[in-house]
Amino acid sequence: MDSLPRTIYATCRGDRRFVDGTVVDTLTLAAAVAAAKPGDTVQLLPGGYFPPTRIDPDNPALAEALPVELRGVRGREDAPVTIRGLGPATALFGEGKAEIAEARLPTAEHFAFFKLFDCEWIVFEYFDVAGCWPTFYYLENSRYVTVRGLRVFDGRYAVFARGEGCHHLLIEGCRWRQDTTGALWRNISWAAVKQENDGGYYYYNGGLFGAVDISGSLIFRGNTVCNAFNGLRLKANAAKGDRLNHNVEIYGNRFHDVRDNPVEPERTAVNWYVTGNRIVNAHAWFSLDAVAGGFWYYCGNTGYFNDKPGLPEGDNTGGAVYKFDDEGGMPSRRVLSAFNTFFLRSNVIKEGRTRHFHH
């Protein structure tokens with residue numbers, strides 16, 4: 001017989017707190033997460049939270065930030081494991097340092113505040129997040145995972161998923177301001193981010209959500225991305241195109257001052273619905289260069305510009321709505337663009353080739 005769902009209270013020190021007029025014992029965040037069972041809620045109480053730290057006993061000045069890991073944690077559809085904050089009253093902080101170029105596509109070796117391995121039916125909701133490089137939340141071969149109501153500042157990615165075992169992911173109601181200074185849109189060149197040896201801002205080349213070789217079944221809805229390089233980027237092995245990057249729904253989002261691509265599948269994608277999004281100032285809105293697959297539907301989106309990126313003499317300040325290429329994969333299935341409303345400063349399609357495109 002299953003035990004009744006519990007609320008496990010977490011604080012940064014695991015001390016005693018008042019909750020609704022009652023004194024309760026709390027656990028540290030890592031201990032609370034480790035104790036959670038299906039149906040339980042780990043409720044963070046007000047305060048700032050830093051990742052667990054390992055101190056070098058031979059040199060106390062040296063410390064290493066460790067992730068909060070979940071391995072093989074399995075909630076159920078009717079009883080997920082929920083890790084819940086109180087919005088701005090519960091702020092989670094990372095190391096606060098940008099990562100090297102090889103962390104552009106994070107792996108299990110790189111820092112993340114939370115790491116999930118082979119987990120399912122997990123809900124993370126309502127935190128403020130800052131200083132988590134390269135990512136706040138890393139998933140590997142995990143499924144039925146919800147990330148909801150985060151407000152995230154800086155970082156290369158807010159959420160990053162890796163592995164074919166990642167599927168049925170929901171990212172909703174999150175707000176991400178990658179560059180809190182505004183310089184990424186106005187003052188930093190596109191090449192300084194895209195090319196790691198040309199300017200040193202390559203650590204911005206990420207997105208609110210990023211993935212490598214996931215199965216798909218992703219819903220990305222009601223999010224706001226501003227002052228960022230990309231919105232979301234899903235990279236997949238083209239040789240496995242029949243089973244990767246499938247069934248992606250991107251709707252009801254707002255993208256504002258995005259220096260590269262709000263929506264970017266890479267290499268292969270099948271059955272993507274990009275609908276009802278609002279784009280205000282972006283470079284290349286929907287990147288489809290060298291992408292095979294198809295059944296892509298771009299419908300009911302609105303977008304306009306009132307500002308131009310970069311310096312007046314800079315490169316890559318133009319852009320387009322649909323970005324194609326002259327080489328690489330092309331869709332083998334239908335692609336439809338319909339019922340969109342755009343007020344543009346550039347072409348709908350600038351250059352490149354594609355197939356099965358109906359506009």
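Since this is a predicted model, take the numbers as computed values, not measurements.
- Side chain to side chain, W285 and N261 fail the donor-acceptor criterion of an N or O pair below 3.5 Å.
- Around the CZ atom of R143, the shell of radius 6.0 Å holds more than 12 heavy atoms that belong to other residues, nucleotides or ligands.
- Remark: the backbone N or O of D326 is paired with a side-chain donor or acceptor of R353 at under 3.5 angstrom.
- Of all heavy-atom pairs spanning V225 and G231, the tightest one is CG1-CA, 4.2 Å.
- A salt bridge links R243 to E164: one of the charged nitrogens lies within less than 4.0 Å of a carboxylate oxygen.
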Step by step, would you call L105 with K235 a side chain to side chain contact (heavy atoms under 4.5 Å, CB included)? CA-CA 9 Å; L105 298 172; K235 189 172 184 177; 3.9 Å; yes
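- Aromatic ring orientation, F136 versus F113: tilted (interplanar angle from 30° to 60°).
- Of the possible donor and acceptor atoms, none in the side chain of N223 sits under 3.5 Å from a partner among the backbone N and O of R175.
- Between D40 and T82 the shortest side-chain heavy-atom distance does not fall below 4.5 Å.
- Between D154 and R177 there is no salt bridge, since no side-chain N of the basic residue sits under 4.0 Å from a carboxylate O of the acidic one.
- Under the 4.5 Å side-chain criterion, counting only non-hydrogen atoms from C-beta, T224 is not in contact with N253.
- In terms of modelled atom types and a separation under 3.5 Å, the side chain of R267 and the main chain of L234 share no donor-acceptor contact.
- More than 12 heavy atoms of other residues, nucleotides or ligands lie within 6.0 Å of CZ in F342, so this atom counts as buried by the packing criterion.
- Contact check on R259 versus D257 returns no salt bridge, with no Lys/Arg side-chain nitrogen under 4.0 Å from an Asp/Glu carboxylate oxygen.
- R162 and E140 are not joined by a salt bridge, as no carboxylate oxygen comes within less than 4.0 angstrom of a charged side-chain nitrogen.
- No chain of hydrophobic side-chain contacts below 4.5 Å, direct or via other Ile, Leu, Val, Met, Phe, Trp or Tyr residues, connects F339 to V263.
- Judged by distance alone, the side chain of W185 and the main-chain N or O of D307 form no donor-acceptor pair under 3.5 Å.
- Taking all atoms of both residues into account, the shortest heavy-atom contact from N277 to G252 is OD1-N, 3.4 Å.
- Pairing each heavy atom of N245 with each of T268, the nearest pair is ND2-O, 3.0 Å.
- Under the 4.5 Å side-chain contact rule for hydrophobic residues, M330 and L244 do not share a cluster.
- A cation-pi arrangement is found for R71 relative to F117, the charged atom lying closer than 6.0 Å to the ring centre and inside a 45° cone about the ring normal.
- D179 and N227 share no donor-acceptor pair across their side chains, judged by distance under 3.5 Å alone.
- Summarising the geometry, atom SG belonging to C166 is positioned 12.0 Å from atom CD belonging to E120; distances are rounded to the nearest 0.5 Å.
- In this structure, F160 has its ring center at least 6.0 angstrom away from the ring center of H110.
- Between the side chain of Y203 and the backbone N or O of P134, no donor-acceptor pair lies under 3.5 Å.
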Take L184 and Y201, measure what side chain to side chain contact (heavy atoms under 4.5 Å, CB included) needs, and give me the verdict at the end. CA-CA 9 Å; L184 181 57; Y201 289 97; 6.0 Å; no
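- A distance of 9.0 Å separates NE2 of H246 from OG of S215, quoted to the nearest 0.5 Å.
- Look at E172 and R148 and you find a salt bridge, because one of the NZ, NE, NH1 or NH2 atoms lies within 4.0 Å of a carboxylate O, short of that distance.
- With rounding to the nearest 0.5 angstrom, the CG atom of L116 is 9.5 Å from the CD atom of E69.
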Apply side chain to side chain contact (heavy atoms under 4.5 Å, CB included) to the pair V193 and I188, showing each step before the final yes or no. CA-CA 8 Å; V193 181; I188 297 172; 4.0 Å; yes
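- Under 4.0 Å is where a charged nitrogen must lie from a carboxylate oxygen, and between D118 and R74 at least one such pair does.
- Shown here for P262 and A282, the closest heavy-atom pair between the two residues is CG-CB, 3.8 Å.
- Contact annotation: the side chain of T354 never approaches that of L288 to less than 4.5 Å [non-hydrogen atoms, C-beta and beyond].
- Nearest heavy-atom pair, A36 versus V81, reported as atom, atom and distance to 0.1 Å: CB-CG1, 3.8 Å.
- Ring pair Y322/F357: centre-to-centre distance below 6.0 Å.
- Neither side chain, Y126 nor R84, offers a donor N or O lying under 3.5 Å from an acceptor on the other.
- Within the 4.5 Å cutoff, the side chain of R6 has heavy atoms near those of the K37 side chain.
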Determine, stepwise, if the pair E264 / R233 fulfils salt bridge (Lys or Arg N to Asp or Glu O under 4.0 Å). CA-CA 5 Å; E264 185 178 13; R233 303 173 64 207; 3.4 Å; yes
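- For the pair P80 and V123, the minimum side-chain heavy-atom distance is below 4.5 Å.
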Would you please test D242 and K240 for salt bridge (Lys or Arg N to Asp or Glu O under 4.0 Å) and show each step? CA-CA 6 Å; D242 289 340; K240 299 181 179 180; over 6 Å; no
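- Under the 4.5 Å side-chain contact rule for hydrophobic residues, L344 and I349 share a cluster.
- Side-chain atoms of N340 come within 3.5 Å of backbone N or O of Y298 as a donor-acceptor pair.
- Under the 4.5 Å side-chain heavy-atom criterion for Ile, Leu, Val, Met, Phe, Trp and Tyr, W121 and I219 are members of distinct hydrophobic clusters.
- Inter-residue side-chain proximity for L45 and V19 is flagged as met; some heavy-atom pair is nearer than 4.5 Å.
- Hydrophobic clustering keeps W296 apart from V270 (ILVMFWY residues linked when any side-chain heavy atoms are closer than 4.5 Å, directly or through intermediates).
- Here Y204 and F229 keep their ring centres 6.0 angstrom or further from each other.
- T41 contributes no side-chain N or O that, together with a main-chain N or O of Q43, makes up a donor-acceptor pair within less than 3.5 Å.
- Taking 4.5 Å as the limit, some side-chain heavy atom of E95 sits within range of a side-chain heavy atom of F111.
- Below 30°, between 30° and 60°, or above 60°: for F220 and F255 the angle between ring planes is below 30°, a parallel geometry.
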Does the pair D25 and D15 meet the rule for a side chain to side chain contact (heavy atoms under 4.5 Å, CB included), with working shown? CA-CA 6 Å; D25 291 316; D15 50 12; over 6 Å; no
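- Closest approach of S142 and L169 over heavy atoms only: O-CD2, 4.0 Å.
- Between the side chain of R17 and the backbone N or O of P46 there is at least one donor-acceptor pair closer than 3.5 Å.
- Checked against the 6.0 Å centroid criterion, the rings of F305 and F343 qualify as a close aromatic pair.
- Between L44 and L86 the shortest side-chain heavy-atom distance does not fall below 4.5 Å.
- Judged by distance alone, with hydrogens and angles left aside, the side-chain atoms of T135 form no donor-acceptor pair with the main-chain N or O of Y138 at under 3.5 Å.
- N230 places no side-chain N or O within 3.5 Å of a backbone atom of L232 that could act as its donor or acceptor partner.
- Taking the six-membered ring for Trp, Y137 and F124 have ring centres closer than 6.0 Å.
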